[in-house]
Amino acid sequence: MSNIEKDLQAGEKPAIRIKIAIDGPAASGKSTTAREVARRLDYLYIDSGAMYRAVTRKALDLGIPTDDDDAVAAISADILIEFRPNKEKTEIYVDGHDVSAGIRLPEVTRAINPVAANRRVRENLVARQQALGKAGGVVMDGRDITTVVFPDAELKIFMKATAEERARRRLRELEAKHISAEYDAVLKDIEVRDHADVSRQHGPLRQADGAVLIDTTQLTFEEQVTHICNLAREMIDDLSQSDDALE
Ligand code: DC
C-alpha cells in the first residue's frame with residue numbers, strides 16, 4: 001500500500017512528501033548522506049550515478065567502446081535498470097542481473113566520461129529519473145539533479161568539499177576495504193573527474209538557483225545528515241501550513 005493510501009485509510013490528510021535533489025562533485029559524500037537522509041525520512045533513495053554506471057557496464061560487457069555515441073545511446077534507450085532495496089542497501093539490477101559490485105569497478109569509472117557526455121544518453125536517463133521521482137518522497141543525488149532533472153524540487157542541495165579533503169576521505173574508504181592507493185593518485189583522479197563534470201556541454205555540474213550550499217569540509221557525516229533532514233522538515237512544515245491556509 002502506498003503511503004498516501006495508508007494516510008487515507010487512517011483518515012488523515014496525505015502527508016506532504018517532497019523531492020530532495022542533491023548535487024556535488026565526486027567523493028563529496030553525497031551518496032552516503034543522501035541514502036541516510038532517505039532512510040530517516042522513509043523516502044526512496046535514487047543514485048543517478050549508478051544509472052550512468054549501469055549503461056557503461058553494459059557497453060563494456062558487450063565489447064562496445066564507450067565513445068561509440070550511437071551504440072551507447074541505443075543501449076541507454078533499451079536497458080532495464082532496477083533499484084531493488086533490501087534491508088541493508090539498494091541493489092542495482094541491469095536486465096535482471098545484479099550489477100551492484102560490477103558498476104563500481106575502476107574499469108567502469110575509467111570508461112564513463114563519454115557516456116556521461118553523450119547527449120542522448122543523458123536525455124534517456126533524465127526521463128527515467130523524472131519518472132522515478134515524480135510522485136515525491138524521494139532523495140536523488142548526482143550532478144544535474146538540481147539543474148536539469150528536478151529544478152522544481154522543493155529542497156535543492158549543493159554539497160561541496162575541497163579536492164584534498166575528498167581525496168583523504170576516498171583514501172580512508174579504500175583503506176577500510178584493504179585496497180592500497182597513493183594520496184597523490186587519488187587526488188589527481190578526483191581533479192580529472194571534477195574537470196569532466198564541470199566542463200561537460202550537457203548537464204554540467206553547477207550550483208542551481210535556489211540550492212542550499214553545504215560545505216562538508218569541516219562537517220561530520222552526522223552533521224550533514226541532520227542538517228539536510230532539518231531543512232526537509234522545515235520545508236514540509238512550511239508547505240503544510242500554506243496548504244492549511246488555503247483550506
Ligand atoms: O556519482 P558517481 O561517481 O557514481 O557518478 C558516476 C559518473 O556519472 C560520474 O562520472 C558523473 C556521472 N553522472 C552524471 O553525469 N550525472 C549524474 N546525474 C550522475 C552521475
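Whatever order the structure lists them in is the order used to number ligands and atoms, beginning at 1.
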- Best match, K30, Q129, R122: closest heavy atom to atom 16 (N) of ligand 1: R122
- Ion pair present between E173 and R170, side-chain N to carboxylate O less than 4.0 angstrom? yes
- Note on the structure: Among non-hydrogen protein atoms, atom 19 (C) of ligand 1 lies closest to S48 OG, 3.4 Å
- Do you see a donor-acceptor pair shorter than 3.5 Å between the side chains of E91 and S100? no
- Item | Distance-only N or O hit between ligand 1 and D47, under 3.5 Å | no
- Note on the structure: shortest atom 9 (C) of ligand 1-to-protein heavy-atom contact is with R143 NH2, 3.7 Å
Side-chain atoms of residues 149-159: list all donor-acceptor pairs with protein atoms under 3.5 Å, sequence neighbours left out, distances to 0.1 Å.
unit_1: E154; atom_1: OE1; unit_2: K19; atom_2: N; d: 2.8
unit_1: K156; atom_1: NZ; unit_2: P151; atom_2: O; d: 2.7
unit_1: K156; atom_1: NZ; unit_2: D209; atom_2: O; d: 3.1

- Message: For atom 12 (C) of ligand 1, what is the closest protein heavy atom, and at what distance to 0.1 Å?
- Response: A116 CB, 4.0 Å
- Item | Pairing of R200 and D144 as salt bridge, 4.0 angstrom limit | no
- Among protein heavy atoms, which lies nearest atom 20 (C) of ligand 1, and at what distance? G49 CA, 3.5 Å
- Output yes when the distance from some N or O of ligand 1 to some N or O of Y52 is under 3.5 Å, and no in every other case. no
- Task: For N124, enumerate each residue passing the side chain to side chain contact (heavy atoms under 4.5 Å, CB included) test, keeping only those at least two apart in sequence or located in another chain.
- Result: S76, A77
- protein heavy-atom neighbour closest to atom 3 (O) of ligand 1 works out as R193 NH2, 2.6 Å
- Query: Relative to the heavy atoms of I112, which atoms of ligand 1 are at a distance of less than 4.0 Å?
  - Reply: 6 (C), 7 (C), 8 (O), 10 (O)
- Message: Could you identify the single nearest non-hydrogen protein atom to atom 4 (O) of ligand 1 and state the distance to 0.1 Å?
- Response: R53 NE, 2.8 Å
- 4.5 Å side-chain heavy-atom contact, I81 and Y93: no
- Query: Applying a 4.0 Å heavy-atom criterion (strictly less than), which segment of D197 is in contact with ligand 1: side chain, backbone, both, or neither?
  - Reply: side chain
- Spacing of CG belonging to L205 relative to CD1 belonging to I145, to within rounding of 0.5 Å: 11.0 Å
- Message: Using side-chain heavy atoms (C-beta onward) and a distance below 4.5 Å, is T109 in contact with R53?
- Response: yes
